[in-house]
Number of protein chains: 2
Amino acid sequence: MQENAIIRAVTSIDVARAAGVSQSAVSRAFSPGSSISARTKQKVLAAAASLGYRPNRIPAIMLSGRSYMVGVVIGGLENPFYATALERLATALQESGLQVLLMHVDDALTLDSALDRLVSYRIDAIVTSLAIGSKSVVQALSQLRLPVVCFNSSHVGPWISTVNSNNHGAGLVAAHLLGQRGVQRPLWLAGPVRNSASRARGKGFCQGLRVAGLAPALTRMQGNDTYDSGYDAIACLRKQGIRPDGIFSSNDMMACGAIDALRECMDLQCPRDVVIMGYDNIPQAAWRSYDLTSFDQHTEHMVARAMELLDEALGTKDSPLSRTYIVDAQLIERGSTGSGQ
Amino acid sequence: MQENAIIRAVTSIDVARAAGVSQSAVSRAFSPGSSISARTKQKVLAAAASLGYRPNRIPAIMLSGRSYMVGVVIGGLENPFYATALERLATALQESGLQVLLMHVDDALTLDSALDRLVSYRIDAIVTSLAIGSKSVVQALSQLRLPVVCFNSSHVGPWISTVNSNNHGAGLVAAHLLGQRGVQRPLWLAGPVRNSASRARGKGFCQGLRVAGLAPALTRMQGNDTYDSGYDAIACLRKQGIRPDGIFSSNDMMACGAIDALRECMDLQCPRDVVIMGYDNIPQAAWRSYDLTSFDQHTEHMVARAMELLDEALGTKDSPLSRTYIVDAQLIERGSTGSGQ
DNA sequence: TTGTAGGCGTTATCAA
DNA sequence: TTGATAACGCCTACAA
C-alpha cells in the first residue's frame, strides 16, 4: 500500500524471491516452450502478477545482439500515400514480432545523424520510403553493415535491397491510354528532380508517347509532388497559352491541384476537355470532386515483399543481401479519363 | 580486407585494445564533458573510426533505467490530420533527444498486448492520439506506472496527462457563425460515438444553437470520421427530404464527403445554398474543390504542451503526474461559409 | 587524467 | 525439472 516505496522497476530477482524459486525459473516461466513444471510456472506467474513484474527485453538484446527493432526512416507524411504505407508497414512489422523505431527526416541531409541514433539502439535492420537520391547516402547505408530495405529507390549497393513500383511500365500504360483517348497535346507533370521513381515514370511516359507518335507535342512541367505545385503548373501554362488535353501526373496530389486549376484558371472540365491521370491512388483520388484515374502501387504487395527481404536478410546475418523486387502498379480507371462509373 | 571475418559488432573493448587504452577511456571519448586528454581522445576516435565502432546505447539503458524511447501509440493514419500530427510529434521528440517506438493499433482492443510489448522495451513514457474511450484502457495505462500523455481524450487518471483541443468552445463558435449566416436548418454531423472530442464538439454546438434559438431545428447525423460517412449522411438526408442550410461536421474528412454529396445528390452549392464547416484544418480543406472553413487544432501548440508534460513527468519520476491542457482551436474561414478570398 | 572493478537484468550453459 | 554461474557491453565509482 506504500506507493512511495517503489523506486525501481520490479525485476526477476524480486519475483524469484517472492515465489521462492530461482531467477532461472522466472525466466523460464516467461519463455514459451522452456522446460518448467506447471506448478512452478503458476507460482512464478502469481508472484509476478502480485508484484506487477513486467519482463525486460533490454538485457536479452545485449545477450543475443538482436533487438527485434527495425529502424523505419520516413518523411513526407503529409502525402496520404506515405501515411497509409507507413500504417501498413508498421502493421506488418508488428505482426512479425518486430518493433518500429521511427525516424522522421525532413531531408536527406539530416539522415546521417538520424542513422547514428538508430544504430546506437542496435536495430536489426532499416526500412525507408525515402527517395534515396545521392550516392553518398547509399554509401552511408552500406557502411552500417545492416540490412536496408528501400521503397522506390534506384540506387543499389551491398546490404541494400529495394522494392520498386513498376514506374517505367506504368508510364508506358499511361501514354497508351492517353493515345486511346485521342489526346493531341500531352503534358507530363514531373515530380521532384531527385525522385528516381518520378524520373522512371516520365521516361516510360515519353517512350510510350513516341510509340503513339505523340512525343513531339509533349509539354513538361516541373512540380514537387504537392497539391500547390500541380495547381501552379497549370496556372503557369495558362499564362503561356498552352492548353493540354491529356495529363499524366507523377503523383495524385499534383493531379488534384491540376484538376482544380484546370477548372478555375482555364475553365476546362475533366474528362470533357482534358483527361488526367495520377499515381499512388490516394484516398482523395476517389473523392467525387476529383474522381481521378490513378496507378495503385499495391502497397500491401510491396510491404509483403519488403517483409520477405527482411526475413531473409535477418536470417543470413553478416552477409550483405542485395535484391530488387518490381511490383506492377494497377491502373484504376475513374472519371478523369472518361471511364467513370 | 577480410569482410567475412567480421562476425559480431565492434565493441568498446575492441577499440580500447586497438588504441592501447582502457575501456573507460573509450567511454569517456564518446561522452561529452568527461575528463579526458585531447591526445587520448584523438587516439580513441581514430581507432574507433578505423574499426567502424558505433556506441551501443543498450547497456546504458540497463544501467540508468532510462531508454530515451517514448512509445507512440497511434491509429487512423488515413486521416491526414493524424498523419501530420504524428510527423510533428516525432520531430519534437527527436529534437528532445527522444526516440519514437511506434505502435500502430487498429482498435483499442489490441491495445493491451501492444502496451506489454512497449513496456518490455523499457520505454520512458507513452504518447497516444487514440481516442481513449473506455475506463478499462485508462486503468491499464495507469497500472503501467509510466507517464502517459493523451491527445483529445476525456478520461483522466494517475500518470495520465492530456492535451485537448477546446472542442466545446469551438462548437459554440461554430453555432454562432452559422447563426450569423442566417442558417435556419442546422445539421450536426457527428463523429464516432466513442470519440469524446466529437461529443464535446457536438455539445458545444447544441449549446450555441440554443443561444441562437436554432436548437429546435437541429438535425443530427451519425458518421464515423470518414469521407464516405459524410457523403452517405447527406445522401441519406435527401431520401428523408431534409435540406440543411448550415452544417457543422466533427471533422474535415466527413465535411468533404458532405460537400460532394450536396453537389451530386442535392444539387446544392456551398456557400450559396448551404454553409459548412469542419474540424482539423487538414490540407484538403484548403484544396479549391472544397475551400472548407475549419477549426485548426494547432498541433504545433498541442505537441509543445505534450513535450512540456513529458519533460516534467520524466523529471519527477515515480510520482504520477496528471494534468490537462486545453488549447483553443482557431477558426479558419474559407469559402464554404461565404468568407472566401 | 587514467585504469580497475563492479554491476545493470536477463538468458544460456552446465551440473545436479 | 531445477539452480548456480557466466556472459552480454557499457558506465560509474574508486583508486592510482
Side-chain angles (χ1 to χ4, degrees), chain A residues 6-45 47-48 51-69 116-117 119-124 317, chain B residues 6-45 47-48 51-69 116-117 119-124 317:
Chain A
I6 298 177
I7 300 293
R8 57 171 188 72
V10 181
T11 74
S12 63
I13 296 184
D14 303 325
V15 177
R17 236 195 295 276
V21 297
S22 74
Q23 201 181 1
S24 322
V26 179
S27 173
R28 285 192 267 261
F30 283 95
S31 317
S34 52
S35 71
I36 185 173
S37 71
R39 214 179 87 82
T40 307
K41 185 166 183 174
Q42 201 162 13
K43 262 200 301 187
V44 171
L45 293 182
L51 291 177
Y53 169 71
R54 293 170 175 276
N56 181 351
R57 294 191 73 171
I58 300 296
I61 298 176
M62 286 184 58
L63 292 174
S64 68
R66 283 203 55 181
S67 65
Y68 293 90
M69 291 192 286
D116 281 345
R117 288 171 70 163
V119 170
S120 74
Y121 280 87
R122 287 300 184 258
I123 52 171
D124 293 338
K317 229 179 170 177
Chain B
I6 299 174
I7 301 295
R8 58 170 186 73
V10 180
T11 72
S12 63
I13 297 185
D14 302 327
V15 177
R17 238 195 294 275
V21 297
S22 74
Q23 199 182 0
S24 329
V26 179
S27 172
R28 288 191 266 259
F30 283 95
S31 316
S34 53
S35 71
I36 185 174
S37 71
R39 213 179 87 81
T40 307
K41 184 166 183 175
Q42 201 163 14
K43 264 199 301 186
V44 170
L45 294 182
L51 291 177
Y53 168 72
R54 291 169 176 278
N56 181 351
R57 294 191 74 170
I58 300 296
I61 298 175
M62 285 183 58
L63 292 173
S64 69
R66 282 204 53 181
S67 64
Y68 293 91
M69 291 192 285
D116 280 344
R117 287 172 69 163
V119 169
S120 74
Y121 280 86
R122 286 300 183 258
I123 51 171
D124 293 338
K317 231 179 170 176

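Convention: sequence-line order gives letters A, B, ...; per-chain numbering from 1.
- What you find for B:S12 and B:Q23 is that their closest heavy atoms are OG-NE2, 3.0 Å.
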Per-nt protein contacts along nucleotides 5-16 of chain D (heavy atom under 4.0 Å; B base, S backbone sugar-phosphate only, - none) come out as --BBBBS-----

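- Across every non-hydrogen atom of A:A18 and A:L51, the tightest pair is CB-CD1, 3.9 Å.
- What you find for A:M69 and B:M69 is that their closest heavy atoms are SD-SD, 3.9 Å.
- Between A:K43 atom NZ and D:dT1 atom P the separation is 15 Å, expressed in whole Å.
- Between the P atom of C:dG9 and the CZ atom of A:F30 lies a distance of 16 Å, rounded to the nearest Å.
- For the contact set between residues 34-41 of chain B and DNA chain C, defined by any heavy atom under 4.0 Å, the members are B:S35, B:I36, B:S37, B:T40.
- Overall, the helix from C:dT1-D:dA16 to C:dA16-D:dT1 carries an axis bend of 40° between its ends, with five pairs at each end and the value rounded to 10°.
- Summarising the geometry, atom OG1 belonging to B:T11 is positioned 7.5 Å from atom CZ belonging to B:R17; distances are rounded to the nearest 0.5 Å.
- Counting non-hydrogen atoms of other residues, nucleotides and ligands closer than 6.0 Å to OH of B:Y53 gives a total above 12.
- For the pair B:F30 and B:L45, the minimum side-chain heavy-atom distance is below 4.5 Å.
- Annotation: side chain of A:R28 is in contact with side chain of A:S24 (closest heavy-atom distance under 4.5 Å).
- Under a 3.5 Å cut-off, the side chain of A:Y121 and the backbone N or O of A:S67 do not form any donor-acceptor pair.
- The separation between B:R66 atom CZ and C:dG9 atom P is 16 Å, rounded to whole Å.
- Across every non-hydrogen atom of A:V44 and A:A19, the tightest pair is CA-CB, 4.2 Å.
- Nearest approach of A:M62 to B:M62, heavy atoms of both residues: SD-SD, 3.0 Å.
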